[in-house]
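Data block below; observations after.
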Protein chains: 2
Amino acid sequence: MEELHKQIILNAFKDAELSEEHAQDFLGLWKPVSISKHTLMTEVGKVERRFYVVIKGVQAVYLLDRKGNKVVIGFSFDGSYSGIYDSFVDREPSGYFLEALTDSELYYITPDEYDALFDKYPGFDRWGRIVHGFLLKGRVQRELEISTLTSEERFKLFMKRCPQQLRQIPQKYLAAYLNMTPETFSRLMNSVTW
Amino acid sequence: MEELHKQIILNAFKDAELSEEHAQDFLGLWKPVSISKHTLMTEVGKVERRFYVVIKGVQAVYLLDRKGNKVVIGFSFDGSYSGIYDSFVDREPSGYFLEALTDSELYYITPDEYDALFDKYPGFDRWGRIVHGFLLKGRVQRELEISTLTSEERFKLFMKRCPQQLRQIPQKYLAAYLNMTPETFSRLMNSVTW
DNA sequence: AAGCTCTGTTGATCTGTATCAAGATTTCAC
DNA sequence: GTGAAATCTTGATACAGATCAACAGAGCTT
């Protein structure tokens, strides 16, 4: 494994505070995979079998509403975790799609390997608590933004903090993430300063 | 402490799988408190100093949007946890209000006592992971319901699974939880069958 | 490079829900 | 129990943003 890739993976788990030996052992679990643009990595109804760390590329988690429109829950990109976490942990069918929006390189581990982390390495429960807490806070934040802000406010806020990686993907995915139509997104893009 | 109260608290922590002795020790941490209707238990800007288990009554977590309207994030009632969790854990000022909507009886522990649980009792990290995962799943679910369903659909869904405890509180809180005005809630209440 | 598909732009119209308003009803305090 | 305050109901109106539609570019594919 490339040194840079090791750094990216270890950095994603820095809260586990792994010892030097544990870190080397841990890195040995991760298997590389390349996914090309537009590939569905997980589909609704199938069980997620991989927990990923992203090296390169952008992926989106979404589902379809009753009219067939994509509703984007979130994105992942270099340095992020990726995968359908609840399906992965519970071995239950996924309620979401996971799609590579650009050509991507990732590393992954399996459910059994994931479960074993908590027994093998003493710092992992701590990692789990911190990551869960962080995710939870983010979800509540987003819920509030959706329910209290206007389209224009959500747009401005998003553009202000939009990471560089998301600027390369089609606008319609950003619109679907911000709960507005591509038309509304386009109008804001061309009329609002941020 | 009443036997019934012990049962309620232990049941809220059943995932920690405490031994008999640990359970008795653990119960000793909890302090009872009675709160009367309309009391603000936590305010925006103040740090939450208590993690509660509810014995009786209904409480709401909310904040005010820029027009001053309450936006309700969630409710707690008998058997639930209560408190502003992220403020409590991080010792940071709360972004939310916590209000008793009815006369309430609760038990609580302090931040230091909470932190110590994870060192004292081996099953507590497991409890933490399970509870966080459960909460996270619920938040994503709600986010989706807000962003994909119409007011009427949210109303029907809510009424179908509305716990008995929430039927005693004013409708305007339910409306604020469902992201609609009290007028819209009232109209649905009197026109829709569920 | 020509053709096709996907994506983005812009305009016209429609619609669900908020807002404003005025009464009716319930709840609460003294 | 009586008055005041809070809550709920119902109607009229307004508006943000969706929908429908038509076209203009971009980007792939062969």
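Lettering follows sequence order; numbering is per chain, from 1.
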Tell me the interatomic distance from [X], atom [atom1], to [N], atom [atom2], rounded to whole angstroms.
X: B:Arg187; N: D:dA12; atom1: CZ; atom2: P; result: 11 Å
X: A:Glu183; N: D:dC20; atom1: CD; atom2: P; result: 10 Å
X: B:Asn190; N: D:dT7; atom1: CG; atom2: C1'; result: 13 Å
X: A:Lys67; N: D:dA18; atom1: NZ; atom2: P; result: 10 Å
X: A:Leu188; N: D:dG17; atom1: CG; atom2: P; result: 8 Å

Query raised in the report: Relative to the 5' end of DNA chain C, which residue comes earlier, B:Thr184 or B:His38, by the nucleotide with the nearest heavy atom?
Result: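 Between the two, 5'-proximity favours B:Thr184.
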Plane angle bin for [Y] and [X] - parallel if under 30°, tilted between 30 and 60°, otherwise perpendicular:
X: A:Phe75; Y: A:Tyr177; result: tilted
X: B:Phe124; Y: B:Trp127; result: tilted
X: A:His132; Y: B:His132; result: parallel
X: B:Phe51; Y: B:Tyr114; result: tilted

Requested in this report: Would you classify A:Met180 as touching base, sugar-phosphate or nothing, given that sugar-phosphate means primed atoms plus P, OP1 and OP2, and contacts are heavy atoms under 4.0 Å?
Outcome: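 Sugar-phosphate, backbone atoms only, no base.
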Report task. Look at all strands and tell whether A:Asn69 reaches a base, only sugar-phosphate, or nothing, counting heavy atoms closer than 4.0 Å. Result ->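 Counting heavy atoms under 4.0 Å across all strands, no contact is made by A:Asn69.
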Query raised in the report: Going by heavy atoms closer than 4.0 Å, what residues in residues 143-157 of chain B are next to DNA chain D?
Result: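 Listed by number, there are none.
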Query raised in the report: Has A:Arg187 got its NZ or CZ under 6.0 Å from the middle of the six-membered ring of A:Phe155, at an angle within 45 degrees of the ring axis?
Result: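 Ring-cation test returns no.
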**Report entry** Option passing side-chain hydrogen bond (donor to acceptor under 3.5 Å, both in side chains) with A:Gln141 (candidates A:Glu145, A:Glu143, A:Lys137)
**Finding:**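 Passing option: A:Glu145.
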Has [X] got a side-chain atom pairing as donor or acceptor with [Y]'s backbone, closer than 3.5 angstrom?
X: A:Arg139; Y: B:Gly138; answer: no
X: A:Asp125; Y: B:Asp125; answer: no
X: B:Tyr62; Y: B:Glu99; answer: no
X: B:Asp25; Y: B:Glu21; answer: no

Query raised in the report: Do we see a donor-acceptor contact under 3.5 Å between the side chains of B:Glu48 and B:Ser94?
Result: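 No, B:Ser94 and B:Glu48 have no side-chain donor paired with an acceptor closer than 3.5 Å.
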Query raised in the report: Which of residues 158-175 of chain A sit near DNA chain C, with a heavy atom under 4.0 Å from it?
Result: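 Hits under 4.0 Å, by residue number: A:Pro170, A:Gln171, A:Lys172.
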Query raised in the report: On DNA chain C, which is the earliest and which the latest nucleotide, 5' to 3', with an atom closer than 4.0 Å to a heavy atom of chain A?
Result: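 From 5' to 3', the first and last contacting nucleotides are C:dT7 to C:dA12.
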